[in-house]
Amino acid sequence: MKLQCDVEVVNRMLPTFGMKSRGKGTRAMVSIGKHLDKTSQRSNVYMMICTSKDRAGSKYKLKDNIEKFFTWFVEEGKATVRLKEPAVDICLSKADANSLKNFLSAARLADRGSDTSSLPLSTLTPVRARDVEQPKKKLTIVSKKDYPLTSSFPYSLEQLQVSYCKLSRVDMRMLSLKALRKLDLSNNHIKKLPATIGDLSCLSELVLHNNHLEAFSVALCLSTLQRTLQVLDLSQNRLQSLPAQFCQLRELVNLKLDDNELVCLPFHIGRLSKLRFLSAAHNQLAALPSDFRKLSLENLDLFGNPFVQPNSLDHTMKLTFPLPLQELASRAVANLRIPYGPHLIPAHLCRDLEVAKTCDCGRVCINFYIKTAVSMNLHQVSHTVVLVDDMGGTDAPVQRHFCSLSCYSEFLDNSLQRGIR
């Protein structure tokens, strides 16, 4: 049984001589295995610590020789084994938490002299140089033959790229890499993302270019990715829409949605206040959401979408008179900013409120409104704009919603006056 981690062996007698330990671990391979005791000529179970400077390793007998285990921080990959003879503390850190737990369980069995036949114990031998090298931070795999089937990914990885491996799903072993900051799974065959990707609490860049994704789940939008994710590449997939909760990913700086089948962008995309780079070229966008006007971008690419030439007189009427009580109540909750949640009102009403539309007058409408579209020059929201069409245009239709006939009439009057001028 082997464990890769940082190790510091602290002699408990040092303070007696007025000395201190270094307080810093060394990369090592720690093994529990069998070793022939030259004195008794019997095979006993030992712990062996091998480092790059001592690949032959230092051995410590385990049976009836462990005074105490310190495991308060085992979930962080840290533990200490206190030996009776010699009087040392073996401090383990930067280990995979699950592997560390298994290792400590084996050490306990060996200390008690229990039957260790069920444990995968082999004869202790010197390690290879690569087994004690510094933790790997970056790993790139771009061929299926290089993909690890029997070994695990290095726990210390901060950047992992696995491309051109024909993966149909995300390998769950990747989701235990707690230090991961960048995950690139581009050019595979992934159809669905597990919600547990949201448990990667350091993930700031997620690249899923050229896969078979058909959805981006609400669970991911509501995960810890809200606080960490800055770059998201979903280009060249099969997405037709994104959930309303997508705009909870408020740390996003760079968003790539090119070459999908999107018929609309997230309704509250304007809430992505940190977004600076947006590309959604070659989709099926007929118009942009009204919230699009709130963006402040550096670069915008919407080329190749079938935008419809807007006419403010063309409109969709979704008003009834009088307004239903549910609509009036929902508007009141939104306009008065009354707190709500599924513990107070039905979940479907919460979903309605999450996609509330804002009228030009500043008031909110939910399911009853008048909708039209107006042309907007995209330079109003972005410093650099890739041309929208082959004609060199940079205008695109943006939806507008009106809570009443009077608001829509006022809008038409203002549009007419601007046209006369």
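Fair warning: this is a prediction, and the values are worked out from it, not measured in the lab. All residue numbers in this chain count up from 1 along the given sequence.
- Summarising the geometry, atom CG belonging to Leu225 is positioned 7.5 Å from atom CG belonging to Leu200; distances are rounded to the nearest 0.5 Å.
- Across all their heavy atoms, Gly198 and Leu220 have their closest contact at N-CD2, 3.6 Å.
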Show the numbers, then the answer: is there a side chain to side chain contact (heavy atoms under 4.5 Å, CB included) between Leu183 and Leu203?
-> CA-CA 8 Å; Leu183 178 58; Leu203 194 66; 3.9 Å; yes

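- Inter-residue side-chain proximity for Leu288 and Pro397 is flagged as unmet; no heavy-atom pair is nearer than 4.5 Å.
- The shortest heavy-atom contact between Lys256 and Asp233 is CB-OD1, 3.5 Å.
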Evaluate side-chain hydrogen bond (donor to acceptor under 3.5 Å, both in side chains) for Ser235 paired with Asp259, printing each intermediate quantity in order.
-> CA-CA 6 Å; Ser235 58; Asp259 297 289; over 6 Å; no

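- Between Asp291 and Lys294, at least one side-chain nitrogen of the basic residue sits less than 4.0 Å from a carboxylate oxygen of the acidic one, meeting the salt-bridge criterion.
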Applying side-chain hydrogen bond (donor to acceptor under 3.5 Å, both in side chains), run through Asn283 and Asn260 and close with a yes or a no.
-> CA-CA 5 Å; Asn283 278 281; Asn260 277 282; 4.6 Å; no

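- Looking at every heavy atom in both residues, Asn210 comes nearest to Asn237 through N-ND2, 4.1 Å.
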Decide yes or no on side chain to side chain contact (heavy atoms under 4.5 Å, CB included) for Glu214 and Lys191, but give the supporting numbers first.
-> CA-CA 6 Å; Glu214 297 178 353; Lys191 295 182 178 181; 5.8 Å; no

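- Distance CD/Gln4 to CG/Asp96: 10.5 Å, rounded to 0.5 Å.
- Applying the 6.0 Å contact sphere to OH of Tyr164 captures no more than 12 heavy atoms from other residues, nucleotides or ligands.
- A salt bridge links Glu67 to Arg12: at least one charged side-chain nitrogen sits closer than 4.0 Å to a carboxylate oxygen.
- Between the CZ atom of Arg181 and the OG1 atom of Thr228 there is a distance of 10.0 Å, given to the nearest 0.5 Å.
- Inter-residue side-chain proximity for Thr71 and Leu104 is flagged as met; some heavy-atom pair is nearer than 4.5 Å.
- When every heavy atom of Val218 is checked against every heavy atom of Pro243, the shortest pair comes out as CG2-CB, 3.8 Å.
- For Lys178, the NZ atom counts as densely surrounded, since its 6.0 Å shell holds more than 12 non-hydrogen atoms of other residues, nucleotides or ligands.
- Heavy atoms of other residues, nucleotides or ligands lying less than 6.0 angstrom from OH of Tyr340 number more than 12.
- Tyr369 and Phe402 have their aromatic ring centers separated by at least 6.0 angstrom.
- Both tests do not hold together for Arg82 against Phe70: distance to the six-membered ring centre under 6.0 Å, angle to the ring axis within 45°.
- When the shell of 6.0 Å around NE2 of His383 is examined, it contains 12 or fewer heavy atoms from other residues, nucleotides or ligands.
- The shortest distance between side-chain heavy atoms of Leu167 and Tyr147 falls below 4.5 Å.
- Side-chain atoms of Asp6 and Thr26, non-hydrogen and from C-beta on, never get closer than 4.5 Å to each other.
- Counting only distance, with no hydrogens or angles, the side chain of Ser99 and the backbone of Leu3 share no donor-acceptor pair below 3.5 Å.
- With sequence neighbours excluded, the residues that form a ring-ring contact (aromatic ring centres under 6.0 Å, His included) with Phe246 are Phe216.
- Within the 4.5 Å cutoff, the side chain of Ile190 has heavy atoms near those of the Leu213 side chain.
- Considering all non-hydrogen atoms of both residues, Thr196 and Met172 come closest at OG1-CE, 3.7 Å.
- To the nearest 0.5 Å, the span separating CG on Leu252 from CZ on Arg250 amounts to 11.5 Å.
- You'll find the ring centres of His401 and Tyr408 outside the 6.0 Å limit.
- At least one donor-acceptor pair closer than 3.5 Å links the side chain of Lys357 to the backbone N or O of Ile366.
- When atom types are taken as modelled, the side chain of Tyr46 and the backbone of Ile32 share no donor-acceptor pair closer than 3.5 angstrom.
- Other residues, nucleotides and ligands contribute at most 12 non-hydrogen atoms within 6.0 Å of the CZ atom of Arg363.
- Atom CG of Asn11 sits about 9.0 Å away from atom CG of Asp89, to the nearest 0.5 Å.
- A donor-acceptor pair under 3.5 Å links the side-chain atoms of Asn335 to the main chain of Val364, judged by distance alone.
- The pair Glu158-Lys182 does not count as a salt bridge, with every side-chain nitrogen at least 4.0 angstrom from each carboxylate oxygen.
- Not one N or O on the side chain of Arg271 forms a donor-acceptor pair closer than 3.5 Å with the backbone of His268.
- Atom CZ of Arg173 sits in a crowded spot, with more than 12 heavy atoms from other residues, nucleotides or ligands closer than 6.0 Å.
- Between the side chains of Glu354 and Gln245, at least one donor N or O sits under 3.5 Å from an acceptor N or O.
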Would you please test Ile197 and Val170 for side chain to side chain contact (heavy atoms under 4.5 Å, CB included) and show each step?
-> CA-CA 9 Å; Ile197 284 183; Val170 178; 4.3 Å; yes

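- Taking a 6.0 Å sphere around NZ of Lys192, one finds it holds 12 or fewer heavy atoms contributed by other residues, nucleotides or ligands.
- At least one side-chain heavy atom of Asp184 sits less than 4.5 Å from a side-chain heavy atom of Ser163.
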Worked verdict on Val30 versus Met47 for side chain to side chain contact (heavy atoms under 4.5 Å, CB included) | CA-CA 7 Å; Val30 189; Met47 179 189 295; 3.7 Å; yes

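- Put simply, OG on Ser93 and CZ on Arg27 are 8.5 Å apart, with the number rounded to the nearest 0.5 Å.
- Under a 3.5 Å cut-off, the side chain of Asn414 and the backbone N or O of Glu410 do form a donor-acceptor pair.
- Put simply, the side chain of Thr372 never gets that close to the backbone of Arg400: no donor and acceptor are under 3.5 Å apart.
- A donor-acceptor pair shorter than 3.5 Å cannot be found between the side chains of Asn211 and Asn188.
- Side chain of Glu327 to backbone of Asn367: a donor-acceptor contact under 3.5 angstrom is found.
- For the residue pair Ser409/Asp413, the side-chain donor-acceptor check at 3.5 Å is not satisfied.
- At least one donor-acceptor pair under 3.5 Å links the side chain of Asp301 to the backbone N or O of Phe303.
- Glu261 CD: more than 12 foreign heavy atoms inside a 6.0 Å radius.
- The shortest heavy-atom contact between Pro289 and Leu265 is CD-CB, 4.0 Å.
- Between Lys318 and Phe368 there is no side-chain heavy-atom pair separated by less than 4.5 Å.
- Inter-residue side-chain proximity for Cys403 and Arg331 is flagged as met; some heavy-atom pair is nearer than 4.5 Å.
- Side-chain atoms of Asp258 come within 3.5 Å of backbone N or O of Ala281 as a donor-acceptor pair.
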